[in-house]
Number of protein chains: 2
Amino acid sequence: MNDQQEELAKYIKKMGGRLTPSRLLILKEIYRRHDHFDAEALCSELQKTHKSVSLASIYRTLPLLLDAGLIREIKTNNKKKLYEHVLGHHHHEHMICEECGKIIEFGDNPLERNIHQICERKRFLPKSHQIIITGICKECG
Amino acid sequence: MNDQQEELAKYIKKMGGRLTPSRLLILKEIYRRHDHFDAEALCSELQKTHKSVSLASIYRTLPLLLDAGLIREIKTNNKKKLYEHVLGHHHHEHMICEECGKIIEFGDNPLERNIHQICERKRFLPKSHQIIITGICKECG
DNA sequence: TTGTATGCAAACCATTTGCACTTTA
DNA sequence: TAAAGTGCAAATGGTTTGCATACAA
């Protein structure tokens, strides 16, 4: 049982829920891929393998994983919600190219420190944050 | 004719469009209010006054105003899109309280400078950006 | 065994769109 | 008067939900 599975098991136990095969399949697929995905992409990928999970279950599981801190939501301009897994990755933010749609990840410690300072100053207890820069990437510009 | 109306006129002329009463009504209402609003709130507010505008027209006008740089979209966790007007306001970012739903605005020059530096470093041409911090505000915490 | 999770299909609901009619330039 | 905008109602499509069934604890 790896980190993310233990984390999920712990969260589900705390919530009085059940660690089902579907939930594990979803979690595994999310940690197998290293990109930004939406519910449908996850569903069709799982269908390609033998064991598939209904879209409904995926939609019911994603909020759990979000709340458990196992995935993060990325707010793009699309109407579909995008997600990425969290464990085993440095914390980072996103740039989105308006031209080619590419999502570029970047990390910046001073920036993150700054955000926490602002929260302290405002006495706001941050649970999560997100920075999105929209524009034109160097290939398209 | 005030700043925002001139700006809209200029934008619409550039695009080969037409400056209609509906578009002006929408713009005026947006600049009359100083909060974060969605398409429906705008529509029902306009209905209270004598001249109302259809929801469809509002949905067709908001992207124009966005592209003209007259409004900004705020990506919350809600499924409705929120907007705020831009002209006459300092640039700022948002904190959202998970508990009471309050949206807190904050501005920070070092933070903004940092973002632009990062873009230069990555040779990414930023058109817009947005920082959202989710958590618990000092009243709720 | 018993309450929780799943799958299916139907419901939801913010947003978009087709179309006939107005209106701006 | 010709191209663009509007209102209405219908369509769209991602997400949610009710319900009967399956299953983890």
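Below, chains carry the letters A, B, ... as their sequence lines are ordered, and counting in each starts from 1.
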**Study point:** Outermost nucleotides of DNA chain C that come under 4.0 Å of a non-hydrogen atom of chain B
**Key:** dA14(C) to dA25(C)

Check your understanding: On DNA chain D, nearest-nucleotide positions of Gly16(B) versus Val53(B): which is more 5'?
Key -> Gly16(B)

Practice item. Would you mind telling me which residue lines up with the more 5' stretch of DNA chain C, Lys80(B) or Arg23(A), judged by nearest nucleotide? Key: Arg23(A)

Spacing between [X] atom [atom1] and [N] atom [atom2], to the nearest angstrom:
X        : N       : atom1 : atom2 : result
Lys79(A) : dG13(D) : NZ    : P     : 8 Å
Leu46(B) : dG7(D)  : CG    : C1'   : 15 Å
Leu64(B) : dG5(D)  : CG    : P     : 8 Å
Arg60(B) : dG7(D)  : CZ    : C1'   : 8 Å
Lys81(A) : dT15(D) : NZ    : C1'   : 8 Å
Leu24(A) : dA24(D) : CG    : P     : 11 Å
Leu25(B) : dG5(D)  : CG    : C1'   : 14 Å
Leu19(A) : dC23(D) : CG    : C1'   : 13 Å

Check your understanding: Using 30° and 60° as the class limits, which term best fits the ring planes of His94(A) and His36(A): parallel, tilted or perpendicular?
Key -> perpendicular

**Study point:** Among His129(B), Gln117(B), His92(B), side chain to side chain donor-acceptor pair (under 3.5 Å) partner for Glu112(B)
**Key:** His129(B)

Review point. Can you list the steps and then say if Glu73(B) with Ser128(B) is a side-chain contact (heavy atoms from CB on, under 4.5 Å)?
Key: CA-CA 10 Å; Glu73(B) 192 186 323; Ser128(B) 69; over 6 Å; no

Point to revise | Short side-chain donor-acceptor distance under 3.5 Å, Tyr83(B) and Asp38(B) | key: no

Exercise for review: Go through Lys81(A) and Lys79(B) one step at a time and tell me if the side-chain contact (heavy atoms from CB on, under 4.5 Å) criterion holds.
Suggested key: CA-CA 10 Å; Lys81(A) 289 183 184 168; Lys79(B) 69 168 43 181; over 6 Å; no

Practice item. Can you measure from CE (Met95(A)) to CD1 (Ile136(A)) and round to the nearest 0.5 angstrom? Key: 12.5 Å

Practice item. Answer yes or no: does a side-chain N or O of Ser54(B) lie under 4.0 Å from OP1 or OP2 of dC8(D)? Key: no

**Study point:** CZ/Arg123(B): more than 12 non-hydrogen atoms of other groups inside 6.0 Å
**Key:** no

Point to revise | Nearest-nucleotide pick for Arg18(A), side chain only, options being dA24(D), dG5(D), dT16(D) | key: dA24(D)

